[in-house]
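Fair warning: this is a prediction, and the values are worked out from it, not measured in the lab. A, B, ... follow the sequence lines: proteins, then strands. Residue 1 opens every chain.
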2 protein chains.
Amino acid sequence: MAPILHALAQEQERLSQQERRIADFILSSPSEVVHMGIKELAEQCGTSPATVTRFCKAFHLKGYPDLKVKLSAEIAHTEMQERSGMSSYQDIVANNPLSQIVEAMEANHLASIRDTTSLLDMERLAQAIRLLCAADRIDLYGVATSSIVAQDFYQKLIRIGKNCTAFADSHMQITSASTLSGRDVAVAISYSGETLETIDALACAKDSGAATISLTSYSSNTLAAMADIPLFASSLEKGMRRGDMASRIAQLHLVDILFMGMNSEQFGQYVPKLEQSYHNVQNYRKSRGGHFQA
Amino acid sequence: MAPILHALAQEQERLSQQERRIADFILSSPSEVVHMGIKELAEQCGTSPATVTRFCKAFHLKGYPDLKVKLSAEIAHTEMQERSGMSSYQDIVANNPLSQIVEAMEANHLASIRDTTSLLDMERLAQAIRLLCAADRIDLYGVATSSIVAQDFYQKLIRIGKNCTAFADSHMQITSASTLSGRDVAVAISYSGETLETIDALACAKDSGAATISLTSYSSNTLAAMADIPLFASSLEKGMRRGDMASRIAQLHLVDILFMGMNSEQFGQYVPKLEQSYHNVQNYRKSRGGHFQA
DNA sequence: TCAATCATTAAAATTATTTTCATGATCTGC
DNA sequence: GCAGATCATGAAAATAATTTTAATGATTGA
């Protein structure tokens, strides 16, 4: 699967001291090598460019550039392999190289999307979509990170002409909740499911007779217990006290699913509106000399 | 899963005659290109090496060798995918069953995260992180969907004590931009890279002497051309007119990487602040009877 | 110890890539 | 429809990267 890296590892012992250094370096950080010139690599290994070229030739490569091209392909291969089986969250710790941070971040986000999808209860999801489609008004509650998710959902719903609010201010959320009716839906978003402001708002919405949906992590939590339809976004990322990255991605993923579900359910009704709002924005841009959307 | 090849195909129409020939050739036999020198390729396409290099630069590559390396990786990727039957971007159409929507959404989000990661130029990324860490002040510009991303970044930066603004109002963005200095950084976020308000704000920031970073899709676009450091989030999802779901996920993914990169770079400085802000929020909750964060 | 071989490198030669610059084409505003 | 500007293009110069050469030093086995 990775012929060159494999060969490097296998023949390592048979190599001379300098050559071994080169092999070691390539094996330890192949993805770095791809971005390096032969000079840099030689320097990093404490040897000369000439030795590096000979090294390449010894492995039946055309030369150094050829090594880079082949390595690039092998990295893509192995990463791919690892990824396709990978579903685990990785911790992000201090001062590790950028490439590791990127890798870990990717693993976490991919895992949280996959997990969220696999946790989905299709029946409940369908129910939620039906409720949202039928709602006269939709209220979205969330603070801090979850407020971002609420705002995102808000923007989408506005585009299909839904009567919808997503106040950032938690007092306004409660105020709004108390004006809901039985034909309305309230959606509470909170990773932990224990955010007081959001709980208060949802409780108020319940009192007003609105149907309720919660969007929380997959755990026993107050919001999920309160809601008529609890939905779950998974994120078990490690070291996450330092900001909830993957959880937010997972929640947005769920929001997208809800939104697309609504579009599909009410295709004839919503999609024309979406198209129109898209074209209106586009025309506005054109009239000002630019093009395309945000 | 093959961002460059995809971008080539997508932008084909916008290219000049000579450039189109190059794009055609690369698309028709990418695996040949990997073994060719720039001269050969130019000859094959009936054009000059100069045009080929410029062509590479237009697609945000370092140069011709960079194209070969990236292409090599993409070829390996796609082969791998075909073999393992992995899914890439899928269209979402009307009235298909919910389970299909969920599947397509998942495929799109996963693909856009993977693509974004594979497109990352580590060097530029590192530069961007260094700039952000060193900045006296950070300004974030974005409207509509991109405003959500800006807000998200804003929340993160605030938590580590960065002096930072992210006005939703585009006039305020320009006002803020005009007060920047040479020690500040402006980040412009826009999927298309052609949002007028955002371009104006970034131009203004440039005039003020601030360093500039753009966060756009992988294409030739105004913002990327303007910025000192252009960063790219890929999303080639089909049916994009119906809302930019995956692109936003990809951008948030990049924001997370930038943020974690900053944390790692300045571990001693930022992480204690993060921990503190986390604990302060937690204590506030506890004193009111709840627990955990949003 | 002395050849003989091998690994190694500095520097030269070669090759590849990029930049510059001049040219011609196309587009813009008058 | 015409001057001026802008853009694309390729030839050639400049630069950069890689490879080869040739000389040196180290190691090994008689």
Side-chain angles (χ1 to χ4, degrees), chain A residues 4 8 11-26 30 32-72 286-291, chain B residues 4 8 11-26 30 32-72 121 123-124 194 199 203 219-222 224-226 230:
Chain A
I4 292 175
L8 250 53
E11 310 243 329
Q12 221 168 358
E13 295 139 27
R14 259 168 278 178
L15 299 172
S16 74
Q17 202 162 14
Q18 302 292 348
E19 289 182 313
R20 194 175 307 179
R21 281 194 196 180
I22 297 170
D24 281 347
F25 187 89
I26 295 173
E32 303 279 320
V33 176
V34 165
H35 306 299
M36 286 190 206
I38 195 172
K39 251 186 185 167
E40 285 174 84
L41 176 60
E43 204 173 324
Q44 282 281 325
C45 301
T47 184
S48 67
T51 305
V52 176
T53 333
R54 268 192 301 269
F55 177 86
C56 295
K57 299 258 162 102
F59 282 91
H60 313 295
L61 297 161
K62 292 236 181 67
Y64 181 66
D66 198 33
L67 171 76
K68 295 213 291 185
V69 165
K70 297 260 163 66
L71 259 188
S72 175
K286 272 198 187 128
S287 73
R288 287 204 47 217
H291 44 293
Chain B
I4 291 175
L8 250 55
E11 310 235 338
Q12 224 167 357
E13 297 141 26
R14 259 170 276 179
L15 298 174
S16 73
Q17 203 161 16
Q18 301 293 345
E19 289 181 313
R20 195 175 307 179
R21 281 194 195 179
I22 299 170
D24 282 346
F25 187 89
I26 296 172
E32 300 281 319
V33 176
V34 164
H35 305 299
M36 287 190 204
I38 195 172
K39 252 185 184 168
E40 287 174 83
L41 177 61
E43 205 173 323
Q44 284 282 327
C45 302
T47 184
S48 68
T51 304
V52 176
T53 345
R54 270 191 298 264
F55 177 86
C56 295
K57 297 262 164 92
F59 281 90
H60 312 294
L61 297 160
K62 292 239 182 64
Y64 180 67
D66 198 30
L67 172 76
K68 295 212 291 187
V69 166
K70 296 258 164 68
L71 260 187
S72 175
D121 182 326
E123 225 168 283
R124 271 203 280 243
E194 305 292 348
I199 292 172
S219 63
S220 313
N221 64 70
T222 308
M226 285 171 70

Item checked: Distance below 4.0 Å between B:Q17 side-chain N/O and D:dA8 OP1 or OP2 -> no
Next item on the list: Figure out the CD/C1' separation between A:E40 and D:dT18, and round it to whole Å.
Entry: 14 Å
Check: Which heavy atom of B:R20 sits nearest a heavy atom of B:L15, and at what distance?
Finding: NH2-O, 3.5 Å
Checklist line | Among D:dG10, C:dA7, C:dT17, the one nearest B:Y64 by side-chain distance | finding: C:dT17
Next item on the list: Provide, to the nearest angstrom, the distance between the CD1 atom belonging to B:I22 and the P atom belonging to D:dT9.
Entry: 8 Å
Check: For the side chain of B:I38, counting heavy atoms from C-beta on, which of C:dT18, D:dT9, D:dG10 is nearest?
Finding: C:dT18
Checklist line | Presence of B:T51 side-chain N/O under 4.0 Å of D:dA8 phosphate oxygens OP1/OP2 | finding: no
Check: Of all the nucleotides listed (C:dT19, C:dT8, D:dT19), which has the minimum atom distance to the side chain of A:P49?
Finding: D:dT19
Checklist line | From C:dT8, D:dT18, D:dG10, nucleotide with atom closest to A:P65 side chain | finding: D:dT18
Next item on the list: Please report, rounded to the nearest Å, how far the P atom of D:dA8 is from the CZ atom of B:R21.
Entry: 16 Å
Note to self: Check this one for me: any side-chain N or O of B:T47 less than 4.0 Å away from OP1 or OP2 of D:dG10?
What the structure shows: yes
Notebook entry, point to check: Looking at A:K57, does any N or O in its side chain come under 4.0 Å of the phosphate oxygens OP1/OP2 on D:dT20?
Noted result: yes
Checklist line | Reported CZ-to-NZ distance for the pair B:F59 and B:K70, which is rounded to 0.5 angstrom | finding: 13.5 Å
Checklist line | Nearest-Å distance for atom pair CD/C1', residues B:Q18 and C:dT26 | finding: 15 Å
Next item on the list: Check the distance between D:dT19's P and A:K39's NZ and give it to me in whole angstrom.
Entry: 14 Å
Next item on the list: Figure out the CG/C1' separation between B:D66 and D:dA17, and round it to whole Å.
Entry: 15 Å
Notebook entry, point to check: Please give, in whole Å, the distance from D:dA8 P to B:R14 CZ?
Noted result: 14 Å
Next item on the list: Indicate the atoms forming the closest heavy-atom contact of B:C45 with B:I22, along with that distance.
Entry: SG-CA, 3.9 Å
Notebook entry, point to check: Measuring from A:E32:CD to A:L71:CG, what's the distance to the nearest 0.5 Å?
Noted result: 12.0 Å
Notebook entry, point to check: Mapping B:R54 and B:K68 to their closest nucleotides on DNA chain C, which lands nearer the 5' end?
Noted result: B:K68
Next item on the list: Provide, to the nearest angstrom, the distance between the CG atom belonging to A:L67 and the P atom belonging to D:dA17.
Entry: 17 Å
Check: Considering all heavy atoms of both residues, which atom of A:S48 and which atom of A:A42 are nearest to each other, and what is their separation?
Finding: C-CB, 3.4 Å
Notebook entry, point to check: What nucleic acid atoms does A:S16 come within less than 4.0 Å of, heavy atoms only: base, sugar-phosphate, or nothing?
Noted result: sugar-phosphate
